[in-house]
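As structure tokens, the structure follows; a few thoughts come after it.
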Number of protein chains: 2
Amino acid sequence: MTRRSFHHESEDARRQALVAATLECIVDFGLQGATVRQIADRAGVTAGLIRHYFAGKDNLFQAAYREVVETMFDTAQRSADEHQGDPLARLSVFVLANFKPPVIDQRMLALWATFIAQTGVDPALAGIHREGYISYRETIEHLVKDAMEAAGKASTPEDRRAQAIAINGVIDGLWLEGCMAADMFSDGELGRIALLAVERLTGLTLPIEDPHFLKKD
Amino acid sequence: MTRRSFHHESEDARRQALVAATLECIVDFGLQGATVRQIADRAGVTAGLIRHYFAGKDNLFQAAYREVVETMFDTAQRSADEHQGDPLARLSVFVLANFKPPVIDQRMLALWATFIAQTGVDPALAGIHREGYISYRETIEHLVKDAMEAAGKASTPEDRRAQAIAINGVIDGLWLEGCMAADMFSDGELGRIALLAVERLTGLTLPIEDPHFLKKD
DNA sequence: AATTGGATTATACACTTGAATAATTGCAAA
DNA sequence: TTTGCAATTATTCAAGTGTATAATCCAATT
């Protein structure tokens, strides 16, 4: 029996590769199929190596969830950051970013749902989720505040809190719909619906910078 | 070795008991912990019996998901049916029903997320989901149409489609928020936010029949 | 060139998994 | 009371589980 050849990797690269393999396995085989052997196989290493980088399977899964949360959050966040100085555009692109890949993606939904489901079992996952949720809502609240001020509209903190909660809800809910049943919506439809909803919820009029969401007629 | 005593049950009762035990196990132990032995144990029978009622574990899980979908849908549906003849009240109570138990419930979220996650792996589950989703959205669209007409507001089918999508999104998203972080919201707050959102999305003014959601001040 | 130490593999282990089968039980009809 | 049969249990099986441990490889250091 000849021994398998291998080469060393930097610690970061290996960890990230294992996390990536974990996510792929969850998408392809579900939580049940995402076993250490399956994951190791996907990453091109042997199962034992996982224990060298992570204290256990739970630990690996937590790292994987962190990556998912960051991907979803950072995508929208970065979109907004491209429009410094224009609060209305910032709010608009932030909302719309949630309705393009990589955020809107059936695989992303599978990952998200898998981890949300585990939230009740692994408190560490619950913590990661909550942290991300709070950041997200604070970001929305901040965006709304700036947008309202830019439009010269008065609003109380209570208003903004309720608006942020509602906007977060619309985004989440429509994102769900889009991931689950992409074929039921025309191109850019969900983004436009989301933006319209945000306009009605806030009373603002928002610009559409992204040609992908422009209504064609 | 004495043999365990048992008594016969009607087929329906047994199947339902097994389904109930399945849901309990998923909530308590997650998908990984919901093994045939755990489930059988919870139901007070032996593992082998499951195979007598269901072709396999997959089959049992599909039945369990059907029950979840029905519970969530029927609760809101039945609330609306209590207000025959008053379209505005029907829409209102339908929306609000999603923010009371048993619909808003951390356990319900755990179940929902678990099955959604499996949707990508088991096409049968995907079918069950889609069926429920379509029914739900059609119901909303119908409720909105009647409410608009009762209020004497004109609306095109395209408007109603977009409104139904958005309303469905708000309900789903806020429901998620409420299940995941009940402690971050005051009593009845989410329901009020949802109703306000629906009002803004439709331009309607909706009555609050349910004292649970009346704002106290 | 020899040595060292961490990265990686291979193997082993104790246990759990879903499923299959055979043996029993309890009930209902005769 | 007996008999028949479906419902239920007990047992078994092969495959797969996460983890532990020891053997090996590679790269950098000396």
Side-chain angles (χ1 to χ4, degrees), chain A residues 1-26 28-65 114 118 121-122 124-125, chain B residues 1-26 28-65 114 118 121-122 124-125:
Chain A
M1 195 65 181
T2 173
R3 198 179 171 87
R4 170 183 196 150
S5 80
F6 70 94
H7 71 287
H8 288 224
E9 282 283 355
S10 80
E11 174 164 340
D12 276 1
R14 256 291 118 87
R15 286 179 69 93
Q16 169 139 3
L18 289 174
V19 163
T22 302
L23 298 179
E24 287 177 26
C25 286
I26 291 177
D28 289 350
F29 314 117
L31 190 62
Q32 316 247 29
T35 68
V36 284
R37 282 173 179 81
Q38 210 41 267
I39 293 167
D41 195 51
R42 180 66 67 113
V45 298
T46 53
L49 189 60
I50 289 181
R51 289 298 310 278
H52 192 264
Y53 286 96
F54 297 92
K57 200 193 181 188
D58 290 353
N59 214 293
L60 171 59
F61 272 51
Q62 288 154 22
Y65 188 34
T114 298
Q118 288 301 305
V121 179
D122 185 348
L125 293 179
Chain B
M1 195 67 176
T2 172
R3 199 182 172 87
R4 169 185 195 150
S5 82
F6 69 94
H7 72 286
H8 289 220
E9 280 285 354
S10 80
E11 175 163 340
D12 275 2
R14 260 287 124 87
R15 287 178 67 93
Q16 169 139 4
L18 288 173
V19 164
T22 302
L23 298 179
E24 288 177 26
C25 285
I26 291 177
D28 289 350
F29 314 117
L31 191 61
Q32 316 247 27
T35 67
V36 284
R37 283 174 178 80
Q38 250 333 320
I39 293 167
D41 195 51
R42 182 66 66 109
V45 299
T46 53
L49 189 60
I50 289 180
R51 288 296 309 278
H52 192 264
Y53 286 97
F54 297 92
K57 200 193 182 189
D58 290 353
N59 213 294
L60 170 59
F61 272 52
Q62 287 156 21
Y65 187 33
T114 298
Q118 289 301 308
V121 178
D122 185 348
L125 292 179

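Since the structure is predicted, the reported quantities are computational estimates derived from the model, not experimental observations. Residue numbers begin at 1 in each chain, while the letters A, B, ... track the order of the sequences.
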Might you list the N or O atoms of the protein lying below 3.5 Å from N or O atoms in nucleotides 16-19 of chain C, with each pair's distance?
unit_1, atom_1, unit_2, atom_2, d
C/dG18, OP1, B/K57, NZ, 2.5
C/dG18, OP2, B/V36, N, 2.9
C/dG18, N7, B/R37, NH1, 2.8
C/dG18, O6, B/R37, NH2, 2.8
C/dA19, OP2, B/K57, N, 3.3

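Screening residues 33-50 of chain B for salt bridge (Lys or Arg N to Asp or Glu O under 4.0 Å), with sequence neighbours left out, gives B/E24-B/R42, B/D28-B/R42.
Going from atom NE2 of B/H8 over to atom P of C/dA29 covers 13 Å, rounded to whole Å. Here the P atom of nucleotide C/dT8 and the CZ atom of A/R15 are 13 Å apart, to the nearest Å. Whole-Å rounding puts the A/L49 CG to D/dC26 P distance at 15 Å. Per the geometry, CG belonging to A/N59 stands 14 Å off C1' belonging to D/dT19, to the nearest Å. In this structure, the CZ atom of A/F54 is 19 Å from the C1' atom of D/dA20, given to the nearest Å. If you measure from atom CD1 of B/I50 to atom P of D/dA7, you get 16 Å, rounded to the nearest angstrom. Between A/F61 atom CZ and D/dT19 atom P there is a gap of 10 Å when expressed in whole angstrom units. Computed from coordinates, the B/F29 CZ to D/dT17 C1' distance equals 18 Å when rounded to whole Å.
For B/D122, the salt bridge (charged side-chain N to carboxylate O under 4.0 Å, His left out) criterion is met by no residue, not counting sequence neighbours. Evaluation of the ring pair (Phe, Tyr, Trp, His ring centres under 6.0 Å) rule for A/F29 yields no partner, not counting sequence neighbours. Checked against ring pair (Phe, Tyr, Trp, His ring centres under 6.0 Å), B/Y65 has the following partners two or more places apart in sequence or in another chain: B/F115. In this structure A/H52 satisfies the ring pair (Phe, Tyr, Trp, His ring centres under 6.0 Å) test with no other residue, sequence neighbours excluded.
Among the heavy atoms of the strands lying under 4.0 Å from B/E9 are primed sugar atoms or P, OP1, OP2 only; no base atom is included.
Regarding contacts with the backbone of C/dT24, every side-chain N or O of B/R4 stays at 4.0 angstrom or more from both OP1 and OP2. Considering only side-chain N and O atoms, B/Y53 lies under 4.0 angstrom from the phosphate OP1 or OP2 of D/dT8.
Put simply, the side chain of B/R3 and the base of D/dT9 share a donor and an acceptor less than 3.5 Å apart.
Distance check: B/L18 CG to B/L49 CG gives 6.0 Å after rounding to the nearest 0.5 Å.
Sequence order on DNA chain C of the closest nucleotides to A/H52 and B/S5 puts A/H52 first from the 5' end.
Heavy atoms only, all atoms of each residue included: A/Y53 and A/R15 are closest at O-NH1, 2.8 Å.
Of the listed nucleotides (C/dT8, D/dT9, C/dT9), C/dT9 has the atom at the smallest distance from the side chain of A/V45.
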